[in-house]
2 protein chains.
Amino acid sequence: MNAGRTARERARAELTREIAEIARRQLGTEGAGGLNLRAIARELGMVSSAIYRYFPSRDDLLTALIIDAYNAVGEAVERADAACEQDDHAGRWRAVCHAVRDWALAHPHEYALIYGSPVPGYHAPADTVGPAVRDTVVYGRILTDAHAAGALNHPDGFPPAPPTFATDADQIRQLMPGLPDDVVARAVVAWTGLFGFLSFELFGQFANVVEDRATLFDHEVRTLGRLIGFDLESA
Amino acid sequence: MNAGRTARERARAELTREIAEIARRQLGTEGAGGLNLRAIARELGMVSSAIYRYFPSRDDLLTALIIDAYNAVGEAVERADAACEQDDHAGRWRAVCHAVRDWALAHPHEYALIYGSPVPGYHAPADTVGPAVRDTVVYGRILTDAHAAGALNHPDGFPPAPPTFATDADQIRQLMPGLPDDVVARAVVAWTGLFGFLSFELFGQFANVVEDRATLFDHEVRTLGRLIGFDLESA
DNA sequence: CGAAGTCAAGAGCAGTGCTCTCGATTTGGT
DNA sequence: ACCAAATCGAGAGCACTGCTCTTGACTTCG
């Protein structure tokens, strides 16, 4: 896991890393479609065919970048949550939301890679599902903690989850044990709302309409937090 | 505007339409990246260079498809709203939401084109902004009507819009005249929530987690409707 | 009728992802 | 210490792309 044993293994790991790094930089300037194996090879001073010793195809390189992006946002979220007073559940929710947004604004093309349109004919090998849910795992833990601490006071007058939602709720509850169906359903609303806002912001839907996105985002986060059940004062 | 005068003009309009139609079909099977001018030319029995008489570049073709997609979803939304009892504001809201979803499920790649990651170096010529807001215009009209009719009973305990939101609220209010800042802010939350859900559903984020998406979607729509201020019974 | 405009065809250019072959180097077992 | 096996980069090449330019035929319109 640390420094590979043989010189060849070390060189291989190093080059694999360098290729991914250049690819990530290309992604940042050109977007997903501009990923160019020959340009990467040129920058590394090698011939294009040599790249294929490290990534069997362009799609595999992209998949690696996707996994990296999932891990990056997951790690950002985990760190933001860990930095919070764990009893301040509403604060943890807000911290997580802002962590996602900060990361997305800093790496818009990588955000697009994982939360935008799937690029080719779609591919989600088993390697992706683990990293893909790191942020959602954190989210679920916050909700479970808050619910267990009795910190969720559900807003009045909202529709209950339909009975047919029960089986899906069981599935989702693996990420947020203990929550009743109604809260699970509202948790999905809040989570999709978060990414809906970010996609609007990053993909240009707010252009010429909303300028002070930070303010509006913070308000949306507080509103969704209240929807989940956090108290207004703490939200 | 109707049948072009000369034979040449008619032939040109016809071919332009055919090219766009084949391109849209390609989009449906291959996605945005698979748009292939030479394949279109092949299917039309012409040589590839001839395509450039009708669309100066691949990006221009894509832009045309984007505008078409905006118009298509906009028209679907307008029709869904028009089919409603206009006094049933909550019903109009739900109808609009389901119209967007139905259209998106029927044309996932076109949805990705307009609400997914922007494809190349980004392009939003003035031609796109009109069609792009057709659905939002309908949304705003519903809210204005509901508010004027006194049909919006805002849920208790939610945070008020921050004072710094005022200038953006003025801008957004052009689409939904008469609404106070608090409602405008929640309207944005609901609108982004709608597309957040659809992007999750269409881009695969619900895979292996949520199966009965129709049920959950309807619940999300009702929850967001209540957040906007529609009554629970009518929502 | 004839000049001007418009069109499809074809050749061609630069670029891409990817494959295959071929020497050079490194590795690991004996 | 050797040698077969594995691994590597270089290079040529294939099929394909978007796009440009030129050429000759057809339409349009004064």
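Here is the naming used below: chain letters follow the sequence lines, and residue numbers restart at 1 for every chain.
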Any luck finding a side-chain donor-acceptor pair between [X] and [Y] under 3.5 Å?
{"X": "B:Thr167", "Y": "B:Asp170", "answer": "no"}
{"X": "B:Ser57", "Y": "B:Asp60", "answer": "yes"}
{"X": "B:Ser199", "Y": "B:Tyr111", "answer": "yes"}

Expressed in angstrom and rounded to an integer, what is the separation of [X] atom [atom1] from [N] atom [atom2]?
{"X": "A:Glu9", "N": "C:dT25", "atom1": "CD", "atom2": "P", "value": "21 Å"}
{"X": "A:Ile51", "N": "D:dG11", "atom1": "CD1", "atom2": "C1'", "value": "15 Å"}
{"X": "A:Leu44", "N": "D:dC8", "atom1": "CG", "atom2": "P", "value": "15 Å"}
{"X": "A:Met46", "N": "D:dG9", "atom1": "CE", "atom2": "P", "value": "4 Å"}
{"X": "A:Arg10", "N": "D:dC8", "atom1": "CZ", "atom2": "C1'", "value": "16 Å"}
{"X": "B:Arg42", "N": "C:dA8", "atom1": "CZ", "atom2": "P", "value": "17 Å"}
{"X": "A:Glu14", "N": "D:dG9", "atom1": "CD", "atom2": "P", "value": "13 Å"}
{"X": "A:Leu62", "N": "C:dG17", "atom1": "CG", "atom2": "C1'", "value": "13 Å"}

For a quick check of understanding: with a heavy-atom distance under 4.0 Å over all strands, which category does B:Leu61 fall into, base, sugar-phosphate or nothing?
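Counting heavy atoms under 4.0 Å across all strands, no contact is made by B:Leu61.
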What nucleic acid atoms does A:Leu15 come within less than 4.0 Å of, heavy atoms only: base, sugar-phosphate, or nothing?
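A:Leu15: backbone/sugar contact only, no base atoms under 4.0 Å.
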Nucleic acid contacts - residues 16-25 of chain A versus DNA chain C, non-hydrogen atoms under 4.0 Å
none
With sequence neighbours excluded, residues passing salt bridge (charged side-chain N to carboxylate O under 4.0 Å, His left out) with B:Arg8:
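Partners of B:Arg8 by the salt bridge (charged side-chain N to carboxylate O under 4.0 Å, His left out) criterion come out as none, since no residue qualifies.
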With sequence neighbours excluded, residues passing salt bridge (charged side-chain N to carboxylate O under 4.0 Å, His left out) with B:Arg213
none
Report all side-chain donor-acceptor pairs from residues 64-76 of chain B shorter than 3.5 Å, counting only partners two or more places apart or in another chain.
residue : atom : partner  : partner atom : Å
B:Asp68 : OD2  : B:Arg24  : NH2          : 2.9
B:Tyr70 : OH   : A:Gln205 : NE2          : 3.1
B:Asn71 : OD1  : B:Arg134 : NH1          : 2.8
B:Asn71 : ND2  : B:Ile67  : O            : 3.3
B:Glu75 : OE2  : B:Arg79  : NH1          : 2.9

Is there a donor and acceptor pair, one atom on the side chain of A:Arg8 and one on the base of C:dT25, closer than 3.5 Å?
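Present.
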Would you please classify the geometry between the A:Phe165 ring and the B:His219 ring as parallel, tilted or perpendicular, with 30° and 60° separating the classes?
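Correct class here is parallel.
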For the pair A:Phe195 and B:Phe200, name the ring-plane relationship: parallel under 30°, tilted 30 to 60°, perpendicular over 60°.
tilted
Does A:Tyr54 put a side-chain nitrogen or oxygen below 4.0 Å from OP1 or OP2 of D:dG9?
yes
Using the side chain to side chain donor-acceptor pair (under 3.5 Å) criterion, which residues pair with B:Arg92? Sequence neighbours excluded.
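Side chain to side chain donor-acceptor pair (under 3.5 Å) list for B:Arg92, sorted by chain: B:Asp81, B:Gln86, B:Asp145.
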Nucleotide N/O of nucleotides 18-22 of chain D paired with protein N/O under 3.5 Å:
residue : atom : partner : partner atom : Å
D:dG18  : OP1  : B:Leu35 : O            : 3.3
D:dG18  : OP1  : B:Leu37 : N            : 2.9
D:dG18  : OP2  : B:Asn36 : OD1          : 3.3
D:dG18  : OP2  : B:Leu37 : N            : 3.3
D:dG18  : OP2  : B:Arg38 : N            : 3.2
D:dG18  : N7   : B:Arg38 : NH1          : 2.4
D:dG18  : O6   : B:Arg38 : NH1          : 3.0
D:dC19  : OP2  : B:Tyr52 : OH           : 3.2
D:dC19  : OP2  : B:Arg58 : N            : 2.7
D:dC19  : N4   : B:Arg38 : NH1          : 3.3

If you only use heavy atoms from C-beta on, which nucleotide in C:dT16, C:dC7, D:dG11 is closest to the side chain of B:Arg12?
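Out of C:dT16, C:dC7, D:dG11, the nucleotide with an atom closest to B:Arg12's side chain is C:dC7.
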